[in-house]
Amino acid sequence: PNLANGGVDPARGYPGDSYVDDVGLDVYDRSLQPGETVTQRWDGLVHQRYGLQWQADFAAAHHKPIAFPEWGLVHDPAIRTAGEDDPLFITKMHAWFASHDTAFECYFDDSSAHGAAFDINGGEFPNAAAAYRRLFGD
């Protein structure tokens, strides 16, 4: 599932511990409200109804690691809640991976079919790209 503040409880789709290796969640640097600061946006990603903390708690309760099949920055002129060039998001995600039992993470960088930019090396996010290279390597 995508990280979300509403919608269906992802736990309702959980088939049971014997069928699950890790608890995955897609996370993109978007706000709940237009005009939020980077700190408010991060706090929303962690504490929203089905956010990062929900994922960590649910996975721990089932003795499973967490995973991030997709995560990334967002540049989308059509929405006013995209995080844009946000090195704090990169730094906080890196720290989240390190401080939790994380099976894997995969930065989503395919901008070709979505009408928005996600590519860390595409020039849209120079500050965040520098933070990414510093923390994750080239």
Side-chain angles (χ1 to χ4, degrees):
N2 284 318
L3 177 138
N5 202 41
V8 176
D9 180 353
R12 290 182 60 196
Y14 192 75
D17 291 342
S18 63
Y19 298 99
V20 175
D21 294 324
D22 48 64
V23 177
L25 187 67
D26 293 350
V27 180
Y28 290 95
D29 190 23
R30 290 188 170 135
S31 293
L32 294 174
Q33 302 292 327
E36 287 184 327
T37 67
V38 294
T39 303
Q40 289 169 323
R41 189 169 50 250
W42 175 256
D43 188 60
L45 294 172
V46 172
H47 298 291
Q48 61 185 277
R49 188 172 182 190
Y50 304 120
L52 291 168
Q53 192 60 58
W54 175 89
Q55 177 200 26
D57 293 344
F58 183 84
H62 291 273
H63 308 288
K64 303 293 181 184
I66 58 175
F68 298 89
E70 294 182 15
W71 72 279
L73 298 162
V74 180
H75 166 73
D76 188 346
I79 60 171
R80 297 185 347 244
T81 59
E84 303 293 334
D85 187 15
D86 182 1
L88 181 68
F89 174 72
I90 299 294
T91 302
K92 293 285 194 176
M93 287 300 291
H94 183 269
W96 193 266
F97 302 151
S99 65
H100 292 81
D101 182 11
T102 304
F104 68 92
E105 54 82 16
C106 182
Y107 185 90
F108 182 81
D109 65 356
D110 180 10
S111 299
S112 64
H114 300 282
F118 301 93
D119 186 353
I120 194 83
N121 294 313
E124 296 284 344
F125 313 119
N127 297 314
Y132 185 93
R133 284 190 299 277
R134 179 176 48 81
L135 295 167
F136 292 94
D138 288 328

Exercise. State the CG-CG distance between Asp86 and Asn127, to the nearest 0.5 angstrom.
Key: 10.0 Å
Practice problem: Evaluate the ring planes of Tyr132 and Tyr107, with Trp represented by its six-membered ring, and classify them as parallel (under 30°), tilted (30 to 60°) or perpendicular (over 60°). | Solution: perpendicular
Quiz item: If you group Ile, Leu, Val, Met, Phe, Trp and Tyr by side-chain heavy-atom gaps below 4.5 Å, do Val46 and Ile66 land in one group?
Solution: yes
Practice problem: Any chance you could measure Glu70, atom CD, to Glu105, atom CD, to the nearest 0.5 Å? | Solution: 12.5 Å
Self-check item: Nearest non-hydrogen partners of Cys106 and Pro69, listed with the distance
Solution: CB-O, 3.4 Å
Exercise. Using the six-membered ring wherever Trp is involved, compare the ring planes of Trp71 and Phe136 and label them parallel, tilted or perpendicular (cut-offs 30° and 60°).
Key: tilted
Quiz item: Is there a donor-acceptor pair closer than 3.5 Å between any side-chain N or O of Gln48 and the backbone N or O of Gly44?
Solution: yes
Self-check item: Pairwise side-chain contact, Asp9 with Tyr50, heavy-atom cut-off 4.5 Å (strictly under)
Solution: yes
Self-check item: Parallel, tilted or perpendicular: ring planes of His100 versus Trp96, cut at 30 and 60 degrees
Solution: parallel
Quiz item: Taking NZ, NE, NH1 and NH2 as the nitrogens, is one of them in Arg41 or Asp29 under 4.0 Å from a carboxylate oxygen of the other?
Solution: yes
Quiz prompt | Check: Phe68 and Asp22 side chains under 4.5 Å, non-hydrogen atoms | solution = no
Quiz item: Can you name the closest pair of heavy atoms from Ala11 and Phe58 and give their distance?
Solution: CB-CE1, 3.5 Å
Quiz item: How many angstroms lie between CG in Leu52 and CH2 in Trp54, if you round to the nearest 0.5 Å?
Solution: 11.0 Å
Self-check item: Tyr19 side, atom OH; Tyr14 side, atom OH - distance, nearest 0.5 Å
Solution: 11.5 Å
Self-check item: Gap between atom CD of Glu36 and atom CZ of Arg30 - 0.5 Å precision
Solution: 13.5 Å
Exercise. Side-chain contact test, heavy atoms from C-beta onward, threshold under 4.5 Å: evaluate it for Pro126 versus Asp85 and give yes or no.
Key: yes
Quiz item: Can any side-chain N or O of Gln55 pair as donor or acceptor with the backbone N or O of Val23 at less than 3.5 Å?
Solution: yes
Quiz item: Is there a donor-acceptor pair under 3.5 Å between the side chain of Thr37 and the backbone N or O of Gln40?
Solution: yes
Practice problem: Please report the C-alpha distance between Leu135 and Phe97 in whole Å, then the side-chain angles of each, then the deciding distance to 0.1 Å, and finally whether the side chain to side chain contact (heavy atoms under 4.5 Å, CB included) criterion is met. | Solution: CA-CA 12 Å; Leu135 295 167; Phe97 302 151; over 6 Å; no
Quiz item: Do Phe125 and Pro87 touch side chain to side chain, with heavy atoms closer than 4.5 Å?
Solution: no
Exercise. Spell out, as yes or no, whether a donor-acceptor pair under 3.5 Å connects the side chain of Lys92 to the backbone of Trp42.
Key: no
Quiz item: Between CE of Met93 and CG of Leu73, what distance do you get to the nearest 0.5 Å?
Solution: 10.0 Å
Practice problem: Answer whether the closest heavy-atom distance between the side chains of Asp17 and Lys64 falls below 4.5 Å. | Solution: yes
Quiz prompt | Closest approach of Phe89 to Gly72 (non-hydrogen atoms, all atoms of both residues) | solution = CE2-O, 3.4 Å
Quiz item: Hey, any chance Val38 and Ile90 share a hydrophobic cluster, counting ILVMFWY side chains that come within less than 4.5 Å of each other, even indirectly?
Solution: no
